[in-house]
Number of protein chains: 2
Amino acid sequence: MRGPGFGWGRMFRGWGRRMTVPRREILEVLTSGAKHFSAEEIYLEVRRKYPGIGLTTVYRTLEILVQAGVVSKFNFGDGRARYEFADTDKKNHCHVICSNCGRIIDCENLSGEVDFEGVIRKLSKKLGFKINGYHLRFYGLCEECKNK
Amino acid sequence: MRGPGFGWGRMFRGWGRRMTVPRREILEVLTSGAKHFSAEEIYLEVRRKYPGIGLTTVYRTLEILVQAGVVSKFNFGDGRARYEFADTDKKNHCHVICSNCGRIIDCENLSGEVDFEGVIRKLSKKLGFKINGYHLRFYGLCEECKNK
DNA sequence: ATATTATTGAAATTGATTTTCATTTTCGGA
DNA sequence: TCCGAAAATGAAAATCAATTTCAATAATAT
Ligand SMILES: [Mn+2]
Ligand SMILES: [Mn+2]
Ligand SMILES: [Zn+2]
Ligand SMILES: [Zn+2]
């Protein structure tokens, strides 16, 4: 029975880094379930429990986690990067974005429903590319905004 | 027989704006065939013919053209927006990006090859979204980089 | 416990983009 | 063609996310 953070401590150690209080708090937010945080949103959230946190540390920790493949970083065109804990496939990602309310929905685990692999096979052949991953973005109206 | 730029003059007039020399030069670059310019790249290119141009004017003109749907704006994650003349479908776009050399290839007019519409139909049904457009990004190795 | 070294947070800096503002240009009407 | 109102321009300043610097602090190996 290990306290929370034990696994992360080992991970950081494995990357030649140290586990620290700020890093634990940042991971707490990232793994809380919510997604597509900006760095500042994470900073404000961490600050509620740990007022001493600095925005610089948030940026630095995110950079480490992105490099390690534990967190994915996206640019949705609003001028700030957005981060999410990558509990699933790191190479592939699919977002559906409501043009009206800005809601961002992940559409993972649709391999059974949508044949992305077939699309990639055809694209690879057509363009002579070796395709290793994708980020797909679909724009439209979410269920709520669709119904007025 | 009208001189070049006549059509654009009418367009700008239609948007309640004026046609000017800097705007004509910017459009000249945008429609030259090359693609995925940053604002500064356009600025440097225009400056060769029209040294008086200001970077501010490039940004302002691009904003107008993006709002009008004549130019598409993308963020490829390198910190600067990239612009391209949208001679084809404005709502949908597909890029294949080489992770090694950074080359960006447009994959339009593949509707005959790749069934994007089918993918969208399934996604819409699955998520309850009304999907109006998409930006797809595939990452991999281009033909050159693939072969060492 | 101590020494070493990574990490921290405040402040300064960077770099892309936007805003401000005084001057210049466009363009419709005389 | 000339005028005048309004829009557009470009230089400089401002903004804003993100990065770098640096002296102080915290984490780990011994
Ligand atoms: Mn996501
Ligand atoms: Mn393109
Ligand atoms: Zn919505
Ligand atoms: Zn390449």
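Each chain gets a letter, A, B and so on, in the order its sequence line appears, and its residues count up from 1.
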**Request:** Could you name each residue pair satisfying salt bridge (Lys or Arg N to Asp or Glu O under 4.0 Å) that touches residues 65-79 of chain A, not counting sequence neighbours?
**Result:**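 For residues 65-79 of chain A: D78(A)-R82(A).
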**Item:** Contact list for residues 55-69 of chain B, test side-chain hydrogen bond (donor to acceptor under 3.5 Å, both in side chains), sequence neighbours left out
**Value:**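 Only E63(B)-Q67(B) qualify under side-chain hydrogen bond (donor to acceptor under 3.5 Å, both in side chains).
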**Message:** Mind checking if G52(B) touches a base, just sugar-phosphate, or nothing, with heavy atoms under 4.0 Å?
**Reply:**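 G52(B): backbone/sugar contact only, no base atoms under 4.0 Å.
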**Request:** Under 4.0 Å between any heavy atoms, over every strand shown, what does Y43(B) touch: base, sugar-phosphate, or nothing? Just pick one.
**Result:**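 Answer is nothing: Y43(B) stays at 4.0 Å or more from every strand.
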According to side chain to side chain donor-acceptor pair (under 3.5 Å), who are the partners of [X], at least two apart in sequence or on a separate chain?
X: E45(B); answer: R48(B)
X: E143(A); answer: none
X: D115(A); answer: none

**Message:** Assuming nearest nucleotide by heavy-atom distance, tell me which of R18(B) and T20(A) is located more 5' along DNA chain C.
**Reply:**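 Between the two, 5'-proximity favours T20(A).
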Round to the nearest Å and state the distance from [X] atom [atom1] to [N] atom [atom2].
X: I42(B); N: dA16(C); atom1: CD1; atom2: C1'; result: 14 Å
X: R23(B); N: dC27(C); atom1: CZ; atom2: C1'; result: 13 Å
X: F12(B); N: dT25(C); atom1: CZ; atom2: P; result: 18 Å
X: R17(B); N: dC27(C); atom1: CZ; atom2: P; result: 13 Å

**Request:** May I ask you to say whether K49(A) pairs ionically with E28(A), meaning some side-chain N is under 4.0 Å from a carboxylate O?
**Result:**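 Salt bridge: no.
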**Request:** Could you tell me which residues satisfy disulfide bond (SG atoms under 2.5 Å apart) with C107(B), sequence neighbours excluded, listed by chain and number?
**Result:**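 For C107(B) the disulfide bond (SG atoms under 2.5 Å apart) partners, ignoring immediate neighbours, are C94(B).
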**Item:** Contacts of type disulfide bond (SG atoms under 2.5 Å apart), residue C98(A), not counting sequence neighbours
**Value:**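 With sequence neighbours excluded, C98(A) shows a disulfide bond (SG atoms under 2.5 Å apart) to no residue whatsoever.
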**Prompt:** Listed in order of residue number, which residues of residues 55-85 of chain B have a non-hydrogen atom at under 4.0 Å from DNA chain D?
**Reply:**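 T56(B), T57(B), R60(B), in order of number.
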**Asked** Heavy-atom distance under 4.5 Å between the side chains of Y43(A) and I53(A), does that happen here?
**Response**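 Contact flag for Y43(A)/I53(A) side chains = yes.
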**Request:** Check every nucleotide of DNA chain D for an atom under 4.0 Å from a heavy-atom of chain B, then give the first and the last such nucleotide from 5' to 3'.
**Result:**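 Under 4.0 Å from chain B, the extent on DNA chain D is dA6(D) to dA12(D).
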Atom pairs, N/O to N/O, protein against nucleotides 28-30 of chain C, distance under 3.5 Å?
none

For residues 14-23 of chain B, dump all side-chain donor-acceptor pairs below 3.5 Å to protein atoms at least two apart in sequence or in another chain.
residue: T20(B); atom: OG1; partner: R23(B); partner atom: N; Å: 3.3
residue: R23(B); atom: NH1; partner: R18(B); partner atom: O; Å: 2.7

**Request:** Could you tell me which residues satisfy ring pair (Phe, Tyr, Trp, His ring centres under 6.0 Å) with Y134(B), sequence neighbours excluded, listed by chain and number?
**Result:**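 F116(B).
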